[in-house]
Amino acid sequence: MRKNFGAKPWVYPQPALMIGTYDENGKPNLMNAAWGGQYGPNTVMLCLSAHKTTDNIKTSGAFTVSFATAETVVPCDYVGIVSANQEPNKMVTAGFSTTKSEFVNAPIINELPLTLECKLLKFNEDGKVIGEIVNVSADESILTDGNVDYKKLDAIIFDPAAAAYIRLGEKVGNAFKDGAKLKS
């Protein structure tokens, strides 16, 4: 038996994305955004309403997307519930420091070990932001054999039904391989 919930924004897993920007004065800003993800081979799409972050993206033409981790859940949640329009020092309060991206006019958050550095491609009036990934940078602490190790990254996802953050689990299969067992 199934239970119907009606129309809900419950897509699983939903990454806890951290969107980094610079304002018109070069001051870094960070917001937590659950609605977004990969849009194409080298593009991301975010669904954002009116925020300081969206103003910054329009002004700078760039942004970074980092992934919240189990270790950073408290400051990542904080920057999602506090607006930079009301709390201009929220980055300091959260304990985040930044380094300017070498590839786009946006900050890399030093405490978040995996970052997509993006150039704005399109900003729709309904708040959809599409960006081209021009570089991915990863802290060496999350690499194994030169590649990102999801266990070391320890990314969290957002559970919209329970309003909770959840740590990713264990590997259960091999993409593009396990299904081949059913081919005739």
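Heads up: numbering here begins at 1 and tracks the sequence.
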* side chain to side chain donor-acceptor pair (under 3.5 Å) between S83 and K52, worked out -> CA-CA 7 Å; S83 169; K52 178 71 172 161; over 6 Å; no
* Asked: Do the side chain of N124 and the main chain of G127 share a donor and acceptor less than 3.5 angstrom apart?
  -> no
* Sidechain-backbone polar pair: E111 side chain, S97 backbone, donor-acceptor under 3.5 Å -> yes
* Could you tell me the separation between the NZ atom of K152 and the CG atom of D139, rounded to the nearest 0.5 Å? => 11.0 Å
* To do: Would you please say whether a donor-acceptor pair under 3.5 Å links the side chains of T64 and T115?
  => no
* **Over 12 foreign heavy atoms within 6.0 Å of NZ, K100** => yes
* Structure fact -> Tightest non-hydrogen contact, residues V79 and A94, listed as CG1-CB, 3.8 Å
* To do: Taking D178 for its side chain and N174 for its backbone only, find out whether a donor-acceptor pair lies under 3.5 Å.
  => yes
* Asked: Are a donor atom and an acceptor atom from the side chains of T43 and Q38 found within less than 3.5 Å of each other?
  -> no
* Asked: Which value, rounded to the nearest 0.5 Å, describes the distance between C76 atom SG and E71 atom CD?
  -> 10.0 Å
* For side chain to side chain donor-acceptor pair (under 3.5 Å), just list the numbers for D77 and Y165, CA-CA rounded to whole Å, side-chain angles, deciding distance to a tenth of an Å, and then say yes or no. => CA-CA 9 Å; D77 189 56; Y165 295 110; 2.7 Å; yes
* **Reported OG-to-CG distance for the pair S141 and D149, which is rounded to 0.5 angstrom** => 10.5 Å
* **Distance-only polar pair, side chains of N29 and T53, donor-acceptor under 3.5 Å** => yes
* Side-chain touch L30/F96, heavy atoms, less than 4.5 angstrom -> yes
* Asked: Quick one: are S66 and L17 in side-chain contact, heavy atoms under 4.5 Å?
  -> no
* Is the closest side-chain donor-acceptor distance between S60 and N105 under 3.5 Å? -> no
* To do: May I ask you to decide if V92's main-chain N or O and N89's side chain share a donor-acceptor pair within less than 3.5 Å?
  => no
* Asked: Do you know the tightest heavy-atom contact between L112 and F67?
  -> CD2-O, 4.0 Å
* Asked: What residue among T69, V65, I142 forms side chain to side chain contact (heavy atoms under 4.5 Å, CB included) with L114?
  -> I142
* **N4 side chain to G6 backbone, donor-acceptor under 3.5 Å** => no
* **Nearest-0.5 Å distance that lies between atom OG1 in T144 and atom CG in L153** => 11.0 Å
* To do: Could you tell me which non-hydrogen atom of S49 sits nearest to which non-hydrogen atom of T54, and how far apart they are?
  => O-CG2, 3.2 Å
* Go through the steps to decide whether Y78 and T93 satisfy the test side chain to side chain contact (heavy atoms under 4.5 Å, CB included), and finish with yes or no. => CA-CA 9 Å; Y78 173 78; T93 302; 3.5 Å; yes
* To do: Could you grab the distance from atom CG of L48 to atom CD1 of I19, nearest 0.5 Å is fine?
  => 6.5 Å
* Asked: Which heavy-atom pair separates P88 from K27 by the least distance, and what is that distance?
  -> O-NZ, 2.8 Å
* Please step through side chain to side chain contact (heavy atoms under 4.5 Å, CB included) for the pair I157 and Q14, ending with a clear verdict. => CA-CA 5 Å; I157 60 171; Q14 203 169 76; 5.7 Å; no
* **Nearest heavy atoms of F5 and K8, plus distance in Å** => O-CE, 3.4 Å
* To do: Report the distance from atom CG of L120 to atom CZ of F63, rounding to the nearest 0.5 Å.
  => 6.5 Å
* Would a 4.5 Å heavy-atom cut-off, applied to side chains only, mark P107 and Y22 as touching? -> yes
* To do: May I ask you to check whether over 12 heavy atoms, not counting those of Y39, lie within 6.0 Å of atom OH?
  => no
* To do: Using a cut-off of 6.0 Å, state whether more than 12 heavy atoms not belonging to E140 lie near its atom CD.
  => no
* Do D126 and K128 sit within salt-bridge range, that is, some charged N less than 4.0 Å from a carboxylate O? -> yes
* Structure fact -> side chain to side chain donor-acceptor pair (under 3.5 Å) with T21: of D55, T59, N56, only one passes, and it is N56
* **E117 versus S101, side-chain donor and acceptor atoms under 3.5 Å** => yes
* **Smallest separation among heavy atoms of P28 and M91, with atom names** => O-CG, 3.7 Å
* To do: Please say whether more than 12 non-hydrogen atoms of neighbouring residues, nucleotides or ligands are located less than 6.0 Å from NZ in K122.
  => no
* Looking only at atom types and distance, does a side-chain atom of K119 sit under 3.5 Å from a main-chain N or O of E132, one as donor and one as acceptor? -> no
